[in-house]
There are 2 protein chains.
Amino acid sequence: MKKNDLYNQQVEKQSQLAKCSLCSAKRFSICGKMDETQVKKVDSFKRTKNYKDKQPIFFQGDPVKSYFNVRSGNVKIYRLLDDGRMHIMGFLYPGDFMGLSSDQDTYLNSAEAIGNAEICSFAISEFDDLNKNSPEITKELLKRNFQEIEFMQKQSIIIGKLHAKDRLMEFFKNISAQRKKIGLPDNPISLPMNRQDIADYLALTIETVSRGITELKNDQKIKMIDKNKLYIN
Amino acid sequence: MKKNDLYNQQVEKQSQLAKCSLCSAKRFSICGKMDETQVKKVDSFKRTKNYKDKQPIFFQGDPVKSYFNVRSGNVKIYRLLDDGRMHIMGFLYPGDFMGLSSDQDTYLNSAEAIGNAEICSFAISEFDDLNKNSPEITKELLKRNFQEIEFMQKQSIIIGKLHAKDRLMEFFKNISAQRKKIGLPDNPISLPMNRQDIADYLALTIETVSRGITELKNDQKIKMIDKNKLYIN
DNA sequence: AAAAATCTTTGATCTAGATCAAAAAACTTT
DNA sequence: AAAGTTTTTTGATCTAGATCAAAGATTTTT
């Protein structure tokens, strides 16, 4: 059987292992802002699933039924354009929350796992209920939204104004900072996504990404440890 | 005296005219979500100022002392890059709120008036106070943030994936939609900003913007009424 | 209303990154 | 471990939009 088989049956993680109290992403998650009663409630209504590489989590246009939280692994958030091209909005890391939007009707973007990922899902009604009665959660959501706006602003400068090599360098630095935030070594970094994903994220082609990496290597700005692992000088 | 003199002395709008009850932007503003008591409070602590073309409202790096609301006119939100280039994050219209950020410490972007604009300012402490005790205001802020994220996502696709002519066309359509939202005719539209601003917003050069407009005219996609007014076919 | 300043358009040329093509490397399956 | 598949890199060529340059419009000042 192929490694990346989308139709692979998923086994729901058994409750013992999925418990919030054992969640390594809790500290960086929205759940980290909840009190014990709230976490207990989340623990009871959340579902935790293991996703394989390239397995879809939700798709643009689908009705919004759940919100999601990344427990481990990575996720890419992307939009398919009418002409079939893909634009990647961002990559998610453990502790990142997704699925909320302004209209709450249908998902605007699609999400799929990059490599193996554990994702918790919350039915919107139950999560909204919890949120409604908790200013802490609302405040945390607001804060995360502001951070996302600021990140998107930086990203629009990167895409709009920087050359290919500089976009790549900023991308590597962002991964480094993100890793630090969740307690991983910030150098060297690993690239969970492939070259095409990097291209679709930075608004470049795969060839330009490849050439850019080669040149950054020659310029001694980075050192490739292997295809998906690099050291930033 | 030059029309766009930055150092023009401002006359604070007299309270009678600046009253919230007479504000034509109230319906589209955050203030439109407030009850009478809250509006009364806002009315008492807000300050309303007239800005002239190119006059700064706040500057990136300055300590955040106030939030702002556009009462009339237009504003550009931009970031100056290290090399002196400008990236415009967006254009604001009556009813738009600005100044809030995730860290609340310093402004990340700069803001200046495009043409004459009336802007209300709120001292952060007084506004935060109001917000703290009003779930409606918080909810409205959250909603606006989501809309901004979604707008930025669309914008990143426009900048990253579309050709010059298509970027311009999307830009005109966005202005049209925005005008409709605030009760102005959605066609023809006026362009309050100049060609350089459009270029800095769409990550193009002024020459490419100019040529793009000429070509859209030739393709019968738009009809220029004058330099700053156009009809979308 | 003429002169000066600013903004916009048009023309000629250049280039970063796209596209087309193929080799090399890294994985998967048998 | 050989064959097949997918991903990444490298090479050659092309092009949309940048850059450099100057002419027209429009606005501001005198």
Side-chain angles (χ1 to χ4, degrees), chain A residues 1-6 8 52-54 76 83-87 114-116 158-169 171 190-219 222 224-230, chain B residues 1-6 8 52-54 76 83-87 114-116 158-169 171 190-219 222 224-230:
Chain A
M1 192 191 272
K2 274 175 66 191
K3 181 181 149 198
N4 298 337
D5 194 337
L6 292 182
N8 229 339
K52 292 242 154 88
D53 189 39
K54 295 193 172 56
K76 78 176 182 205
D83 59 10
R85 286 183 301 164
M86 174 185 290
H87 184 72
I114 299 176
N116 293 328
I158 288 170
I159 289 178
K161 296 284 201 289
L162 301 192
H163 287 181
K165 268 159 77 175
D166 296 323
R167 292 188 212 182
L168 281 164
M169 211 57 213
F171 177 61
S190 64
L191 304 174
M193 67 295 292
N194 61 28
R195 298 292 188 268
Q196 185 62 59
D197 283 342
I198 299 176
D200 291 338
Y201 180 60
L202 296 177
L204 297 169
T205 57
I206 186 171
E207 294 94 332
T208 302
V209 167
S210 182
R211 278 186 254 266
I213 290 175
T214 303
E215 285 188 51
L216 289 173
K217 232 163 33 185
N218 295 340
D219 301 349
I222 59 169
M224 294 306 289
I225 292 163
D226 67 42
K227 192 166 63 74
N228 293 93
K229 208 164 184 184
L230 66 92
Chain B
M1 191 190 272
K2 274 175 66 192
K3 181 181 152 199
N4 298 338
D5 194 337
L6 292 183
N8 229 338
K52 293 243 154 92
D53 189 38
K54 296 194 173 53
K76 79 176 182 204
D83 59 9
R85 287 183 300 165
M86 174 186 290
H87 183 73
I114 299 176
N116 292 329
I158 289 170
I159 290 178
K161 296 284 201 290
L162 301 191
H163 286 182
K165 270 160 77 175
D166 296 323
R167 291 188 212 183
L168 281 164
M169 210 58 215
F171 177 60
S190 64
L191 304 175
M193 67 295 292
N194 61 28
R195 298 291 188 266
Q196 186 62 59
D197 283 342
I198 299 177
D200 289 339
Y201 180 59
L202 296 176
L204 296 169
T205 58
I206 186 171
E207 294 95 333
T208 302
V209 167
S210 183
R211 280 186 254 264
I213 290 175
T214 303
E215 284 188 52
L216 288 173
K217 234 163 31 185
N218 294 341
D219 301 348
I222 59 169
M224 293 306 288
I225 293 163
D226 69 40
K227 192 166 63 73
N228 293 94
K229 208 165 183 186
L230 66 92

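Below, chain A is the first sequence line, B the second, and so on; all start at residue 1. Predicted model, so just to flag it, every value in this text is computed and none were measured.
Axis angle, first five pairs versus last five pairs of the helix from dA1(C)-dT30(D) to dT30(C)-dA1(D): 50°, rounded to 10°.
A pairwise comparison of heavy atoms in V209(A) and R195(A) identifies CG1-CD, 4.0 Å as the closest pair. Nearest heavy atoms, A203(B) versus G160(A): CB-O, 3.5 Å.
With sequence neighbours left out, N218(A) forms a side chain to side chain contact (heavy atoms under 4.5 Å, CB included) with T214(A). The side chain to side chain donor-acceptor pair (under 3.5 Å) check on D197(A) picks up K76(A), with sequence neighbours excluded. By the side chain to side chain contact (heavy atoms under 4.5 Å, CB included) test, D166(B) is found to be paired with L162(B), H163(B), residues two or more places apart in sequence or in another chain being considered. The side chain to side chain donor-acceptor pair (under 3.5 Å) search around D226(A) returns none, not counting sequence neighbours. Contacts of T208(A) classified as side chain to side chain contact (heavy atoms under 4.5 Å, CB included), with partners at least two apart in sequence or in another chain: A164(A), L204(A), T205(A).
The nearest whole Å value for the distance from the CE atom in M193(A) to the C1' atom in dT6(D) is 19 Å. We find that CG of N228(A) is positioned 17 Å from P of dA25(C), with the value rounded to whole Å. Between the NE2 atom of H163(A) and the C1' atom of dG17(D) there is a distance of 12 Å, rounded to whole Å. Rounded to whole Å, atom C1' of dT8(D) lies 13 Å from atom CG of D226(A). The interatomic distance linking K229(A) (NZ) with dA26(C) (C1') rounds to 17 Å, in whole Å. With rounding to whole Å, L162(B) atom CG is found 14 Å from dA16(D) atom C1'. Regarding L191(B), its CG atom lies at a distance of 10 Å from the P atom of dT9(C), rounded to whole Å. The nearest whole Å value for the distance from the CD1 atom in I159(A) to the C1' atom in dA18(C) is 16 Å.
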Would you give a per-nucleotide map of nucleotides 9-15 of chain D, 5' to 3', where B means the base has a protein non-hydrogen atom under 4.0 Å away, S means only the sugar-phosphate does, and - means neither? BBBB---

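Within the 4.5 Å cutoff, the side chain of R85(A) has heavy atoms near those of the K161(B) side chain.
Sorted by first and then second residue, the pairs that involve residues 202-219 of chain A and meet salt bridge (charged side-chain N to carboxylate O under 4.0 Å, His left out), not counting sequence neighbours, are K165(A)-E215(A), K165(A)-D219(A).
Residue-level contact check: A203(B) touches the backbone only, with heavy atoms under 4.0 Å from sugar-phosphate atoms and none from bases.
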